[in-house]
Amino acid sequence: MAGAQRAGKDGHMSEKLTVGLLGTGIMGAAMARNLLKAGHAVRVWNRSADKAAPLAEDGAEVAGTPADAVRDADVVITMLYDGEAVRQVMDEAYPAARSGALWMQSTTVSLEDVDRLAEDAGRHGLVFFDAPVLGTRQPAEAGQLTVLAAGPPEQRDAIAPVFDAVGAKTVWLRNPGEATRLKLVANSWVLALTHAGAETLSLAEALGVDPDKFLELIAGGPLDNAYLRTKVGLVRGDQLSPASFAVNTAEKDARLIAEAGRRHGVRLDLAEAGAERFRRATEQGHGDKDMAASYYASFDK
């Protein structure tokens with residue numbers, strides 16, 4: 001991977017890479033911009049072209065097809081909706097991908113999907129990194145994501161400049177699949193907290209309790225939680241758009257979590273119920289709002 005040298009976040013010199021990024025939604029667009037800021041050459045593609053077009057103003061090359069986006073790229077990044085979307089898009093991209101290119105697979109997918117994608121990568125000569133990220137819109141835009149990464153140790157230095165550009169921290173695991181497992185565990189906690197805040201707020205309002213009194217009650221104690229305050233604040237301030245993490249995507253992740261539990265003999269009642277809350281909120285017209293819109297699922301309308 002030859003290229004110009006540049007200074008990374010840590011001050012060390014690293015290669016300027018060519019990156020093909022597939023999927024420019026909330027997270028993908030932010031990642032693309034931070035890669036550009038770090039000095040990498042970035043080509044982007046999105047199924048809805050209007051979501052990719054604005055990145056041209058930041059210096060990205062907007063590709064018309066997945067194959068055009070990844071052609072001769074040093075690194076391929078997938079930040080799509082689910083495992084099926086990744087398979088479909090990569091089927092179009094594989095013929096143009098350079099043998100030995102590094103694939104940062106950051107879409108949150110099922111355990112079965114990540115195993116299959118790793119196998120597909122090997123068949124097509126790509127070096128696979130199971131690399132979902134923790135964080136929502138704001139940390140993504142600030143380049144402060146946490147990258148959960150599992151892949152060949154001998155290739156870590158090669159892909160590190162990309163991880164450094166999009167994230168503030170990389171948690172390394174060894175084998176593909178381990179990062180996705182950790183992501184599902186982390187998301188189970190995040191989604192449970194989201195629903196807890198939404199239901200607490202809706203109950204307080206229904207009982208005529210001032211939510212500020214509840215927040216005052218728990219302030220500074222072990223029950224206090226900055227995440228709770230943030231999500232409750234979004235609902236109360238009618239600031240659910242643009243979403244940091246959308247309801248419909250959160251539902252998808254909740255169902256992945258519940259399915260992973262079932263397949264391993266664990267009943268995850270909160271995850272199952274949470275997925276249903278997200279479904280109801282989507283049905284009510286809140287699917288593209290922040291997942292704190294779980295609040296609306298407490299009501300019939």
Short side-chain donor-acceptor distance under 3.5 Å, T78 and W103: yes
Validation row, ring centre F163 to ring centre W172 under 6.0 Å: yes
Ion pair E199/R277, N-O distance below 4.0 Å: yes
Residues, nucleotides or ligands: over 12 heavy atoms within 6.0 Å of E154 CD: yes
Residue pair V162 / I77, side-chain heavy-atom distance below 4.5 Å: yes
Within-4.5 Å side-chain heavy-atom neighbours: R279 and R255: yes
S188 side chain vs V185 backbone, donor-acceptor pair below 3.5 Å: yes
Any donor-acceptor N or O pair under 3.5 Å, side chains E178, N175: yes
Exercise: do Y296 and S202 side chains pair donor with acceptor under 3.5 Å: no
Residues T108 and K183: side-chain donor-acceptor under 3.5 angstrom: yes
Donor-acceptor contact present, side-chain D224 to main-chain G220, <3.5 Å: yes
Over all atoms of both residues, closest heavy-atom pair of L80 and T107: N-OG1, 2.8 Å
K37 bridged to D58 by N-O distance under 4.0 Å: no
Main-chain N/O of A179 paired to D130 side chain as donor or acceptor, under 3.5 Å: yes
Pair E283 + R280, salt bridge at N-O below 4.0 Å: no
ILVMFWY network linking M90 to M79, side-chain heavy atoms under 4.5 angstrom: no
Flag for S244-Q138: side-chain donor and acceptor within less than 3.5 Å: yes
Short side-chain to backbone donor-acceptor contact, Q284 and F299, under 3.5 Å: yes
